[in-house]
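Written out below as structure tokens is the structure these notes cover.
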Amino acid sequence: MKQLILIVEDDLSVKKLLEITLKEYQFNSISSDSKKGAMMLFLTHTPDLLIVDLGLSDGDGKELIAQIREVSKTPIIVLSARHDEKEIIAALDLGADDYITKPFSINELLARIRAALRRKAQEENISQTILCGELEINLASRDIFFKGEKLKLTPIEHELLKYFLLHTNKTLTHKQILKEVWGVGYQNEMQYLRTYVNTLRKKIEEDSTRPSYIKTESGIGYRFSCNKE
């Protein structure tokens with residue numbers, strides 16, 4: 001079955017180019033020039049990916065990204081003439097998976113679409129439950145348990161611990177963790193990471209000063225170990 005892409009674009013020439021290109025490369029597409037129309041199409045057609053312009057007929061595309069992220073993790077690629085770094089960071093922080101500026105290369109856009117769809121497929125194929133020592137995460141319900149009891153975590157604590165559990169026994173750099181958990185633009189905010197690692201250690205380590213799960217890799221980052229050491 002062909003994958004369905006929702007185009008959210010108010011420039012008719014760009015929209016037509018995208019529709020023709022996607023059809024040529026064996027994708028189905030639907031389109032809207034507004035936030036309201038796009039949201040209706042999203043809810044009624046459940047597309048596999050969205051291509052979203054930021055300047056729409058009824059407002060800013062970033063608002064649409066935020067609305068989509070409240071209900072779905074469907075990949076979103078921003079395609080916009082806005083080159084400002086603050087705009088790019090804002091869109092990514094709201095949940096966009098990628099950002100391409102206009103004028104753009106069709107071949108690059110197609111490569112980014114394929115990459116986003118591959119990531120989506122990989123995430124859907126991940127086991128719904130991950131066990132690590134006395135920790136267990138249910139990816140469907142988003143619940144995390146420690147010694148059989150559900151952990152009470154803040155949203156950031158949850159995302160950080162989930163990221164660790166999805167990358168067990170791998171050395172993760174500070175910047176890598178900050179980018180994936182907090183978002184692009186936070187790679188140098190080391191105090192955020194240290195603070196949340198310390199709070200997590202207090203919730204899951206028998207001795208937070210001698211951690212067995214969250215190992216510090218000096219000068220590099222952290223490694224989440226599933227093996228008691």
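Side chains are part of it too, since the values below use all heavy atoms of this structure and drop only hydrogens, waters and symmetry mates.
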Item to check | Stepwise side-chain contact (heavy atoms from CB on, under 4.5 Å) test for R112 and L79 | outcome: CA-CA 11 Å; R112 303 272 187 110; L79 183 62; over 6 Å; no
Checklist entry - So if you build clusters from Ile, Leu, Val, Met, Phe, Trp, Tyr with side-chain heavy-atom gaps below 4.5 Å, do L17 and V52 land together? => result no
Item to check | Heavy-atom neighbours of M40 CE exceed 12 at 6.0 Å | outcome: no
Checklist outcome for this item: Smallest heavy-atom separation, T199 atom then Y196 atom, equals OG1-O, 2.9 Å
Next on the checklist: Quick check on K36: does its NZ atom have over 12 non-hydrogen neighbours (other residues, nucleotides or ligands) under 6.0 Å away?
Outcome noted: no
Checklist entry - Is a side-chain donor or acceptor of E205 paired with a backbone partner of I214 at a separation under 3.5 angstrom? => result yes
Next on the checklist: Looking at E108, I'd like to know if its CD atom is crowded, meaning that more than 12 non-hydrogen atoms belonging to other residues, nucleotides or ligands lie closer than 6.0 Å.
Outcome noted: yes
Next on the checklist: So, applying side chain to side chain contact (heavy atoms under 4.5 Å, CB included) with V8, which one of I51, D53, L56 is it?
Outcome noted: L56
Checklist entry - Does the distance from a Lys or Arg side-chain N to an Asp or Glu carboxylate O, for R82 and D60, drop under 4.0 Å? => result yes
Checklist outcome for this item: The residue among K102, K16, K15 that forms salt bridge (charged side-chain N to carboxylate O under 4.0 Å, His left out) with E9 is K102
Item to check | Atom CD of Q191 with >12 non-hydrogen neighbours under 6.0 angstrom | outcome: yes
Item to check | Under-4.0 Å salt bridge between D97 and R69 | outcome: yes
Checklist entry - Can you check whether I88's main-chain N or O pairs, donor with acceptor, with H83's side chain at less than 3.5 Å? => result no
Item to check | Mutual orientation of the aromatic rings belonging to Y213 and F146 [parallel < 30°, tilted 30-60°, perpendicular > 60°] | outcome: perpendicular
Item to check | Salt-bridge criterion met for E159 and R142 (N-O under 4.0 Å) | outcome: yes
